[in-house]
Amino acid sequence: MVPTEFLRGVLGLLALGCAYMAGRILDGVRKGQLKLSRLYSWLFRTLLCLLALNFRHPVDGVSLTIWALALAAFTGGFWQASHQKPPEDLTPQIFPPK
C-alpha cells in the first residue's frame, strides 16, 4: 500500500509541472500563437491537482507551500517563454556573399 503522503507529493509535483506549462501557454496565447483552449486545459489540470492535495487532508503547510510554488512556477514559465532569445541568423555563414 502506498502512503497518502507520497501520493500528495506526486500530486504536488504534477501541479508544479502543470502550472509551469500553463504559464508558458499563457505567453503563446497572448502572442496569438496558441489557442485559448490549451490554456484552459492546463489551468484545469493545475487546479485539479492542487485541489486533490486537500482530499481527506486539511489545509496545512504542505498544501500552502505547493500552492506558493505553483504560483512561482506559473510566473517562471510565463517569464521564460516571454524572454526567449530570437533564433540566430546563420545565413551569411552558410551562404557567404560572393
S.K.: Check which hydrophobic residues are tied to Leu90 through side-chain heavy-atom contacts below 4.5 Å, counting indirect links as well, and list them.
M.R.: Ile94, Phe95
S.K.: Same cluster or not: are Met21 and Leu14 linked, directly or through other Ile, Leu, Val, Met, Phe, Trp or Tyr residues, by side-chain heavy atoms under 4.5 angstrom apart?
M.R.: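 They do not share one cluster, since no chain of ILVMFWY contacts under 4.5 Å joins Met21 to Leu14.
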S.K.: Begin with the C-alpha distance, continue with both residues' side-chain angles, and end with the deciding distance and a verdict on side chain to side chain contact (heavy atoms under 4.5 Å, CB included) for Tyr20 and Thr75.
M.R.: CA-CA 8 Å; Tyr20 174 78; Thr75 55; over 6 Å; no
S.K.: Identify whether Trp42 and Leu48 are in the same connected component of the hydrophobic contact network (ILVMFWY, side-chain heavy atoms under 4.5 Å).
M.R.: no
S.K.: What heavy-atom pair brings Pro92 and Asp89 nearest, and what distance separates the two atoms?
M.R.: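 Where Pro92 meets Asp89 most closely, the heavy atoms are CD-O, 4.0 Å.
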S.K.: Under 3.5 Å, is there a donor-acceptor pair between the Arg8 and Ser63 side chains?
M.R.: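 A donor-acceptor contact under 3.5 Å links the two side chains.
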S.K.: Using the rule that Ile, Leu, Val, Met, Phe, Trp and Tyr join whenever any side-chain heavy atoms are under 4.5 Å apart, tell me whether Leu43 and Leu47 fall into a single cluster.
M.R.: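 The answer is no; the residues belong to distinct hydrophobic clusters.
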S.K.: Of all the heavy-atom pairs spanning Ala81 and Gln84, show the shortest one and how long it is.
M.R.: O-CG, 3.7 Å
S.K.: Membership question, hydrophobic clusters at under 4.5 Å side-chain separation (ILVMFWY): are Tyr40 and Phe74 in the same one?
M.R.: yes
S.K.: Can you measure from CD1 (Ile25) to CG (Leu36) and round to the nearest 0.5 angstrom?
M.R.: 11.0 Å
S.K.: Same cluster for Ile66 and Val59 if Ile/Leu/Val/Met/Phe/Trp/Tyr side chains link at under 4.5 Å?
M.R.: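 No, it is not one cluster - the side chains of Ile66 and Val59 are not joined through contacts under 4.5 Å.
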S.K.: Is any side-chain heavy atom of Phe6 closer than 4.5 Å to a side-chain heavy atom of Val10?
M.R.: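 The answer is yes; the side chains approach within 4.5 Å.
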S.K.: Testing Leu69, Leu50, Leu11 for side-chain contact (heavy atoms from CB on, under 4.5 Å) with Leu16, which one passes?
M.R.: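 Single pass found, and it is Leu69.
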S.K.: Determine whether His57 and Thr4 make a side-chain contact, defined as any pair of heavy atoms from C-beta on separated by less than 4.5 Å.
M.R.: yes
S.K.: Enter the distance from Trp79:CH2 to Asp27:CG here, rounded to the nearest 0.5 Å.
M.R.: 12.0 Å
S.K.: Quick check for you: to the nearest 0.5 Å, what is the distance between Glu88 atom CD and Gln93 atom CD?
M.R.: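 Reported value, rounded in 0.5 Å steps: 6.5 Å.
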S.K.: Measure the CG-OG1 distance between Leu51 and Thr46 for me, rounded to the nearest 0.5 Å.
M.R.: 10.5 Å
S.K.: First locate atom CZ of Arg24, then atom OG of Ser82, and finally report the distance between them rounded to the nearest 0.5 Å.
M.R.: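 Arg24 atom CZ to Ser82 atom OG measures 9.5 Å (nearest 0.5 Å).
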S.K.: Are the side chains of Arg45 and Cys49 in contact, using a 4.5 Å heavy-atom criterion?
M.R.: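 Heavy-atom side-chain distance check fails, nothing below 4.5 Å.
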